[in-house]
Amino acid sequence: MAGLYIHIPFCKKACHYCDFHFTRNVKQMDDMVDAICRELKLQFDFLEREVINTVYFGGGTPSLMNENQLKRLMRTIRFEHDLSSNPEITLEANPDDLSADKLDMFYQNGINRLSIGVQTFNDTHLKWMNRVHNAEEAQETFYMARQAGFENISLDLIYALPHDSHELWLEDLKRIIRLHPEHISSYCLTIEPKTAFGKWVEQEKMPDIDEDYAAEQFEILLRVMERHGYGQYEISNFAQPGYESQHNSNYWKQEKYLGVGPSAHSFNGNYKQANAANNAKYLKSLKEDIIPFEMMPMTREDQINEYILTSLRTKWGCDLELVKSRYGIDLLQHHEVYLRDIFNRGMIDVEDDFITLTNNGKLLADKIAADLFIYIED
Ligand code: SF4
């Protein structure tokens, strides 16, 4: 089964922490939808007619789309690709875009999973991050989504904000638990160089992320999620049983996916390609039925290390048999001393040929993965 990602590259405002690809020129939405429909058509065989079981509208802000635009995209997907009979279809949404009518429209047009960007329930923090909505709107939106019929809703939270405290973080967690969404994604704030926060840190107008403080907030997050029955199936993702995101799980299991729209990436099992992260270039090129993309060849080393990095972040862990059969590497033998050391220090479990991270190990997930990387000499 394969996945389809559609990038809608428009936002009303730039959040101070965000370095995703988008512009504020929402007037181009119709042209962009036309261009994406063309790309969907041109890419009809990228997945070699594999059945698509997940569709994900991300961005940017896909909730800015109107009914006509969504309908055109859905029609093109169904016409040009092999969509399974019961696909998971997710749409990322910002609370300020969602009225009862709009939610109803999304639901009636096949969206069956919403991912709502709440980020925090603290209005001061929301303003500081330059978010458009307030906490009250986020909560109301959630209730309206339930009324519209959505039974699979994910809410996003950000932690380790410089002006935060553990009390405020606990308050955010309490409020999200009270809403009882099926899925919660929670990310540590990262300071990206080209964002407003990146500049402020450089100019010393705000502090950089305090790693120890972030680790403490992550531990609080793990405790609260566990106590309330949310299983952690990836470092930043928690779900009630049966509500793990199928789309993201497909990425982590290295299934094929097609990404359409500016800046979207695709993977067909052997290589990746990346569309130009430039709306004007994308629109101009698609008018001539040319997709502006770059190939991203993946060596055997790249493939192994990407598998190690992504699999270790999940509850399923790194499959030693798969690494052996697919890449010809015996990880246990290759990193014997290091693996024994981190096992004795309680960072990993090794069971039935799978390596998984313990809660202590999750705090150092990226470092452990990097230490396990394989280097192959040409
Ligand atoms: S966080 Fe979302 S809404 Fe904010 S600028 Fe980034 S893509 Fe747009």
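Just so we're clear, the structure is a prediction, and the values are computed from it rather than from any experiment. Numbering of ligands and ligand atoms starts at 1, following listing order. The residues of the chain are indexed from 1 along the displayed sequence.
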**Student:** Should Val350 and Leu339 be marked as a side-chain contact (heavy atoms from CB on, under 4.5 Å) after you check the CA-CA gap, both sets of side-chain angles, and the distance that decides it?
**Tutor:** CA-CA 9 Å; Val350 183; Leu339 284 169; 5.8 Å; no
**Student:** Do the ring centers of Tyr257 and Tyr5 come within less than 6.0 Å of each other?
**Tutor:**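 No, ring centres 6.0 Å or more apart.
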**Student:** Classify the contact between Lys13 and ligand 1 as side chain, backbone, both or neither, using a heavy-atom distance cut-off of under 4.0 Å.
**Tutor:**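 Lys13 to ligand 1: backbone contact only, side chain stays beyond 4.0 Å.
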**Student:** Which of the atoms of ligand 1 are close to Phe22, meaning less than 4.0 Å from one of its heavy atoms?
**Tutor:**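 Going through ligand 1 atom by atom, the ones under 4.0 Å from Phe22 are 5 (S).
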**Student:** For Arg131, state whether at least one heavy atom is located under 4.0 Å from any atom of ligand 1.
**Tutor:**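 A heavy atom of Arg131 does come that close to ligand 1.
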**Student:** Check ligand 1 against Cys18 and write out every atom of the ligand that is under 4.0 Å from a heavy-atom position of the residue.
**Tutor:**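 In order of numbering, the contacting atoms are 1 (S), 5 (S), 6 (Fe), 7 (S).
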**Student:** Name the closest protein heavy atom to atom 3 (S) of ligand 1, giving the residue it belongs to and the distance to 0.1 Å.
**Tutor:**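 The protein heavy atom lying closest is Asn94 ND2, 3.1 Å.
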**Student:** So, applying side-chain hydrogen bond (donor to acceptor under 3.5 Å, both in side chains) with Asn275, which one of Glu39, His265, His21 is it?
**Tutor:**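 It is Glu39, the one option of Glu39, His265, His21 that forms the side-chain hydrogen bond (donor to acceptor under 3.5 Å, both in side chains) with Asn275.
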**Student:** Before accepting this row, confirm whether a basic side-chain N of the pair Glu171/Arg175 lies closer than 4.0 Å to the acidic partner's carboxylate O.
**Tutor:**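 Answer for the salt bridge query: no.
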**Student:** Return the closest protein heavy atom for atom 5 (S) of ligand 1 as residue, atom name and distance.
**Tutor:**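 In this structure, atom 5 (S) of ligand 1 has Cys15 N, 3.4 Å as its nearest protein heavy atom.
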**Student:** Mind running side-chain contact (heavy atoms from CB on, under 4.5 Å) on Asp208 and Trp200 for me, showing each step along the way?
**Tutor:** CA-CA 9 Å; Asp208 206 341; Trp200 293 354; over 6 Å; no
**Student:** Who's the nearest protein heavy-atom neighbour of atom 1 (S) of ligand 1, and how far?
**Tutor:**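 Here the nearest protein heavy atom works out to Tyr17 OH, 3.5 Å.
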**Student:** Tell me whether Cys11 has at least one N, O or S atom under 2.8 Å from atom 4 (Fe) of ligand 1.
**Tutor:**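 So Cys11 does not bind atom 4 (Fe) of ligand 1 by this criterion.
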**Student:** For Gly60, state whether at least one heavy atom is located under 4.0 Å from any atom of ligand 1.
**Tutor:**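 Yes.
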**Student:** Between Tyr17 and Trp128 (judged by ring centroids, cut-off 6.0 Å), do the two rings come close enough to count as a pair?
**Tutor:**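 Not under 6.0 Å, so no.
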**Student:** Test Asp164 against Tyr213 for side-chain contact (heavy atoms from CB on, under 4.5 Å), laying out the working first.
**Tutor:** CA-CA 10 Å; Asp164 205 0; Tyr213 178 70; 3.4 Å; yes
